[in-house]
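Structure first, then comments.
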Amino acid sequence: MHQRFEQYMKIGYPCINRTLECSGNSTFRLKSYSQERLIKTVENNLDGLLQMLKFNVKKKILFFRITSDLVPFASHEINDLDWQSYFKDEFKEIGEYIIQNDIRISMHPDQFIVLNSNKDGVYHNSVEELRYHAQVLNLLGLKEDAKIQLHVGGVYGDKGKSMERFAERYRELDDEIKKRLIIENDDVSYTLKNCLEINEMCGVPVLFDSFHHEVNSSGESIGEALTKVCGTWNASDGLPMVDYSSQEPGEKKGKHGESMDEEDFKEFICRSRPHDFDLMLEIKDKEKSALRAVEILSEDGRFEPS
DNA sequence: TCACGTCAAGCAGAT
DNA sequence: ATCTGCTTGACGTGA
């Protein structure tokens with residue numbers, strides 16, 4: 001018999017809610033920077049974030065990825081606002097809501113953050129941007145199970161060296177960043193196997209992205225992959241996080257789906273058993289698919305793979 | 001009001 | 001060489 005994993009697995013979606021009017025990721029052009037504009041934008045984003053979380057709780061969506069645009073230009077030199085102090089109370093209020101409702105939180109710095117870059121400037125800026133992400137999660141008062149997920153980075157014609165450089169730089173990070181950072185297999189360069197090798201070098205937990213694994217596979221079945229990644233998470237890291245998506249029909253291989261392929265999703269859930277984890281749906285219609293996933297999991301845990 | 005060129009930032013692969 | 005996609009298009013000028 002299947003255990004009732006659906007009681008534990010949380011479903012989430014990234015950053016944006018298309019049902020609500022509000023958003024947590026509004027920004028503006030660097031050219032239009034002013035402290036006033038920044039304050040207004042962040043106020044709006046924090047308010048939007050809380051509204052999205054409340055929507056999610058009502059719908060039993062208890063995993064959420066907070067956008068990196070929450071504080072625009074947070075790590076940019078133009079930023080002259082002590083935003084951490086200025087918005088301390090707002091962050092605290094949102095964080096208390098998250099904790100009271102047992103919401104799991106992740107963040108995903110965007111493509112410009114390349115820890116293993118062969119350019120010093122890119123490396124430096126990446127660390128500053130990671131610091132910003134860690135500060136957001138700290139201001140929310142979240143434990144170290146709130147994670148910052150990152151791709152390994154560039155290859156620069158020598159994958160082995162570039163993996164070693166990642167591991168070295170990971171070891172050198174401040175603990176505030178290191179305790180939250182996790183790596184994710186990507187769709188073009190670093191496979192699941194590569195990520196597991198980096199875990200052996202430096203201990204960084206590995207997030208399994210099932211769709212990237214289809215597109216850029218190192219051969220493991222879903223069951224094998226989950227067994228291996230789950231071994232990279234410590235108790236203090238919380239339940240492992242997994243990203244799920246499926247192919248958009250008729251589009252280039254690797255293109256994320258616009259909406260959920262329900263049969264593919266059910267099959268993934270079946271194949272994933274008996275592992276337990278929190279599941280982020282990287283599907284373009286966002287909360288709509290997340291809602292459907294919550295329904296599917298609560299309907300009946302006994303569906304079988306086709 | 002709306003069309004559309006452009007946006008802080010990197011990298012790989014396709015065209 | 002230039003364009004596209006990436007966890008997410010959206011800002012803002014000019015007509």
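Per chain, numbering begins at 1; letters A, B, ... match sequence-line order.
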Q. Would you call A:Phe112 stacked on B:dG10, i.e. ring centres under 5.5 Å apart with the planes less than 30° off parallel?
A. no
Q. For the residue pair A:Pro14 and A:Leu281, what are the closest heavy atoms and their distance?
A. CD-O, 3.3 Å
**Q.** Side-chain H-bond candidate by donor/acceptor type, A:Gln149 with A:Asp209, under 3.5 Å
**A.** no
Q | P-based separation of B:dC7 from C:dT4 [nearest Å] | A | 16 Å
Q. Could you state the CD1-P distance from A:Ile283 to C:dT8, rounded to the nearest angstrom?
A. 11 Å
Q.
Rounding to an integer number of Å, can you tell me how far A:Gln149 CD sits from C:dC6 P?
A. 15 Å
Q: Let me know, please, whether A:Cys15 or A:Phe28 comes out on the 5' side of the other along DNA chain C by nearest nucleotide.
A: A:Cys15
Q: Determine: side-chain N/O of A:Lys119 to OP1/OP2 of B:dC11, distance under 4.0 Å, yes or no.
A: yes
Q: Whenever both distances are under 3.5 Å in a Watson-Crick or G-U wobble pair, mark it; put DNA chain B into dot-bracket that way, with [ ] for crossing pairs and | when the partner is on another strand.
A: |||||||..||||||
Q: Grab the two heavy atoms, one from A:Gly238 and one from A:Trp233, that are nearest each other, plus how far apart they are.
A: O-CE3, 3.7 Å
Q) Roughly how many Å is it from CG in A:Asp187 to P in C:dT7, rounded to a whole number? A) 6 Å
Q: Look at all strands and tell whether A:Ser26 reaches a base, only sugar-phosphate, or nothing, counting heavy atoms closer than 4.0 Å.
A: sugar-phosphate
Q) Looking only at side-chain N and O atoms, does A:Lys284 come under 4.0 Å of OP1 or OP2 in C:dC6? A) yes
Q) So does A:Arg37 get a side-chain nitrogen or oxygen closer than 4.0 Å to the phosphate oxygens (OP1/OP2) of C:dG12? A) yes
Q: Classify the nucleic acid contact of A:Pro109 as base, sugar-phosphate or nothing, counting any heavy atom under 4.0 Å across all strands shown.
A: base
Q: Would you check if there is a donor-acceptor pair between the side chains of A:Asn45 and A:Ser26 at a distance under 3.5 Å?
A: yes
Q) Counting side-chain heavy atoms from CB outward, which of B:dA12, B:dC11, C:dT7 is closest to A:His256? A) C:dT7
Q | Non-hydrogen atoms of A:Pro205 and A:Leu181 that approach each other most closely | A | CD-O, 3.7 Å
(Q) Less than 4.0 angstrom between a side-chain N/O of A:His151 and OP1 or OP2 of C:dC6, yes or no? (A) no
Q.
Quiz question: by atom type and distance under 3.5 Å, do the side chains of A:Arg180 and A:Asn138 form a donor-acceptor pair?
A. yes
Q: Check the distance between B:dG10's C1' and A:Glu129's CD and give it to me in whole angstrom.
A: 13 Å
Q. Under 4.0 angstrom, heavy atoms only, what part of the nucleic acid is A:Gln111 near: base, sugar-phosphate, or nothing?
A. base
Q. Under 4.0 angstrom, heavy atoms only, what part of the nucleic acid is A:Phe73 near: base, sugar-phosphate, or nothing?
A. base
Q) Contact class for A:Ser32 (heavy atom, under 4.0 Å): base, sugar-phosphate, or nothing? A) sugar-phosphate
Q) For the side chain of A:Arg29, counting heavy atoms from C-beta on, which of B:dA12, C:dG12, B:dC11 is nearest? A) C:dG12
Q) Rounded to whole angstroms, how far apart are CG on A:Asn25 and P on C:dA10? A) 7 Å
Q. Is the distance from OP1 or OP2 of C:dG9 to the nearest side-chain N or O of A:Arg18 less than 4.0 Å?
A. yes
Q. For A:Ser189 and B:dC11, is the shortest distance between a side-chain N/O and OP1 or OP2 below 4.0 Å?
A. no
Q. If we take the P atom in both C:dT13 and C:dT8, what is their distance in whole Å?
A. 27 Å
Q: May I have the distance from A:Asn116 (atom CG) to B:dA12 (atom C1'), rounded to whole angstrom?
A: 13 Å
Q | Below 4.0 Å: OP1/OP2 of B:dC7 and any side-chain N or O of A:Thr27 | A | no
Q.
Can you classify the ring geometry of A:Phe166 versus A:Tyr170 as parallel (below 30°), tilted (30 to 60°) or perpendicular (above 60°)?
A. parallel
Q: Can you tell me, in whole Å, how much space there is between the P of B:dA8 and that of C:dA1?
A: 27 Å
Q) Roughly, in whole Å, what's the span from CD1 in A:Ile113 to C1' in C:dC6? A) 12 Å
Q) Looking at A:Pro72 and A:Thr41, what are the two nearest heavy atoms and their distance? A) CG-CG2, 3.8 Å
Q: Take atom P in C:dT2 and the same atom in B:dT6, then report the distance between them in whole Å.
A: 15 Å
Q) Roughly how far apart, to the nearest Å, are C:dG5 and C:dA10 at atom P? A) 16 Å
Q | Atom of A:Ile11, atom of A:Ile61 and distance for their closest heavy-atom approach | A | O-CG2, 3.2 Å
**Q.** C:dT7 OP1/OP2 closer than 4.0 Å to side-chain N/O of A:His212
**A.** yes
Q | Same-atom distance (C1') from B:dA3 to C:dC6, integer angstrom | A | 26 Å
Q: Determine the interatomic distance between C1' on C:dC3 and the same-named atom on B:dG5; round to the nearest Å.
A: 16 Å
(Q) Students often get this wrong, so: under 4.0 angstrom with heavy atoms, is A:Asn125 touching a base, only sugar-phosphate, or nothing? (A) nothing
Q) Is there a donor-acceptor contact under 3.5 Å linking the side chains of A:Thr191 and A:Asn194? A) yes
